[in-house]
Amino acid sequence: MSDEAGASTRERRVNPNFITEIIDEDLKQDRYAKITTRSPPEPNGYLHIGHAKSICLNFGLALDYSGECNLRFDDTNPETESIEYVEAAKRDVQWLGFQWARERYASDYFGRLYECAEQLIQHGKAYVDSLSDAEMSAHRGTITEPGKPSPYRDRSVEENLDLFRRMRAGEFPDGAHVLRARIDLASRNMKLRDPVLYRIVHAPHYHTGDAWCIYPLYDFAHPLSDAIEGISHSICTLEFENNRAIYDWLLEHLRGTCGLPPSPRPYQYEFARLNLDYTVLSKRKLIKLVEGSHVRGWDDPRMPTLSGLRRRGVTPEAIRQFCFRIGVAKSNSRVDVSSFEATVRDDLNVRAPRVLAVLRPLRIVLTNQPEGTIEHLEAPYWPHDVPREGSRTLPFSRELYIEHDDFMEQPPKGFHRLSPGGRVRLRHAYVIRCDEVVKDATGDVVELRCSYDPTTLRAQPSDGRVKGTLHWVSAAHAMPAEVRLYNHLFTAPDPEATGGDFAAHLRPDSLVVARGYVEPSVLADPADTRYQFERLGYFWQDPEDSRPDHLVFNRIITLRDSWAKAAEKAASTSPNKTDRSASDGTA
RNA sequence: UGGGGGAUCGUCUAGUGGUAGGACGACGGGCUCUGGACCCGUUAGCGGGGGUUCGAAUCCUCCUCCCCCAGCCA
């Protein structure tokens, strides 16, 4: 296998895409000695699965090309940012499995950035404007009309310098003046109509304290920080495409000055951010979910945040694999949630031992099992197709619980489970027959009286095969557990599309709490073990709330359920067949 | 209306003048002490019209549709 200067063709972290093509070419042309990227974004919210796409890209590229990725926070807005978000982001990046070369903050460079600003003023490339917010907006023009120059646009270098220094010294209130680049008020690119570089904000910064009362804007800080750090490929999302013109303008005017290397200079590239079905991925909306108490916090397992997914039980490997699968391109896209779920299942299938748990218990009594007898049945943790070893024993006794849904008095065609007079296999145990249905005063089924066939352990009954296999637990031995069943947070695939309040699409039953039972063997396992509860899905103990004397399990993801799907389809198609033909006729 | 981007199976994504491929989904079948997993098969796409070429998703041209831009947010 030839391997040239580019990434190894084996075990890439990042699927080849338009950015890797650029890197391949840059390396081939010797434009950079090594590639250097940076991540993540502004510390004004928790990182989510969309950020994971960017993190996997930036860190993955560094790994694939033997380069480096810096952890850099563009912390230029002290009013919305906080150390809490910084710490959460660091935790999340590490959890995802990445190591940064350097930890950096735009605020590390405030001194240098200020120097750059003065440099621009000296060269007549920036000026202090004293228009109000509204006036400046009015002067900016529209997409079809050019902007008008501010009356302050032609202040002398001396006056600009004086004003700017006094801005820094704290002589003016918020909003009194700003520093703007002098570029082109008639530019077809609105971003180039003399963008604001610095504003006055009398607010302490979590990192620099009270040292500054003027703060650079992202457009100013971002390219210069990249240059200072020697970033080669500065990757961001599509909405910054127009901002690239400022990025280039600043670097072309400042490279080689104020300690910025003359070359090589960084370049910005933009890719499409991730959109995922049945959730929202914007910090503003995620904050609304938290502040509106629609969820229990940033780490609520229904949240698409990395802390939420972590608490839910999704592994970092699954998230990385998902980011690898979806790829990187420039067209706006929306990924099927089924794609994410399939990745999570693939990951868990080979790492989760199988155990038995019952979510909605229905008591069954084995009438031919003497009271007080307990059998210990050997049960492997892994199915035949997962090549791993290990087993535990299951206590088997006269009184058991099975899943309420696994019994029907009048079963539909194709129902392989239990019904009156019917037989079924108990997983890792015996075949039983339902002899009698016990109901309460309201007619609800409360107990089944069954008999078991002692000849059927690891064997089919002599008089024919039994099709269904049910999960079960021993009533006297099972551990009670609170089981939290999560569903999509929203009922609409794109909650933001319909306009109006996205919260109107919140799914009322996105969390359902069940009181069930888990086989006792789980108490001997590490608390962070991820299980498959057979026939139900993948689960693990909630890392915050679960205790040995009060087990709390989170459902990470259901199993695929082709029976439920078929049943749902049968229910929705057959009854309105007549309605449908009738309406066809009248239409 | 100006500028900047983008359009390939239902969804995401390869393809860079030479048989449109993969993943997810859907559908059908096999296997199974999980209606899981796995295996096999099927379905299904180049936004539209012209042109260049032996040959076009790819090059040219006209058009259509979608996204972004008028924060002292990022």
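So that the names make sense, note that chain A is the first sequence line, chain B the second, and so on, each numbered from 1.
- The aromatic ring centres of A:F240 and A:Y218 sit less than 6.0 Å apart.
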Nucleotide-resolved protein contact map, nucleotides 1-6 of chain B, B/S/- at heavy-atom distance under 4.0 Å: -BBSSS
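- Anti is the classification of B:G41, since its glycosidic angle lies more than 90° from 0.
- Of the residues near RNA chain B, A:L457 and A:E81, the one whose nearest nucleotide (by heavy atom distance) lies more toward the 5' end is A:L457.
- For the pair A:E21 and A:F533, both in contact range of RNA chain B, the more 5′-proximal nearest nucleotide belongs to A:E21.
- For an aromatic pair to be called close, the ring centres must be under 6.0 Å apart, and A:F553 with A:F533 satisfies this.
- The side chain of A:E239 lies closest to B:C68, out of B:G36, B:U34, B:C68.
- Taking the P atom of each, B:U1 and B:G48 are spaced 23 Å apart, rounded to whole Å.
- Checked against a 6.0 Å centroid threshold, the rings of A:F110 and A:Y215 count as neighbours.
- For B:G71, neither phosphate oxygen OP1 nor OP2 lies less than 4.0 angstrom from any side-chain nitrogen or oxygen of A:R193.
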Intra- and inter-strand pairing of RNA chain B, written as dot-bracket with Watson-Crick and G-U pairs under 3.5 Å and | for the latter, reads .((((((..((((....[..)))).(((((.......)))))....(((((..]....))))))))))).....
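- Not one N or O on the side chain of A:K565 forms a donor-acceptor pair closer than 3.5 Å with the backbone of A:R560.
- Stacking of A:W563 onto the six-membered ring of B:G35 is present: less than 5.5 angstrom between centres, less than 30° between planes.
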Between the protein and nucleotides 24-26 of chain B, which nitrogen or oxygen pairs are less than 3.5 angstrom apart?
from	atom 1	to	atom 2	distance (Å)
B:C24	O2'	A:S338	OG	3.2
B:C24	O2'	A:S339	N	3.4
B:A26	OP1	A:K565	NZ	2.7
B:A26	OP2	A:K565	NZ	3.4

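- Ring-centre distance between A:Y198 and A:F164: below the 6.0 Å cut-off.
- Between A:R72 and A:D74, at least one side-chain N (NZ, or NE/NH1/NH2) sits under 4.0 Å from a carboxylate O, which counts as a salt bridge.
- Taking 4.0 Å as the cut-off between side-chain N and carboxylate O, A:D463 and A:R423 count as a salt-bridged pair.
- Under the 4.0 Å criterion applied to side-chain N and carboxylate O atoms, A:R38 and A:E229 are not assigned as salt-bridge partners.
- Looking at heavy-atom distances under 4.0 Å, A:R180 makes no contact with the nucleic acid at all.
- Within the 4.0 angstrom heavy-atom criterion, no nucleotide atom of any strand lies near A:T343.
- Taking only side-chain nitrogens and oxygens, A:R199 comes nearer than 4.0 Å to OP1 or OP2 of B:C73.
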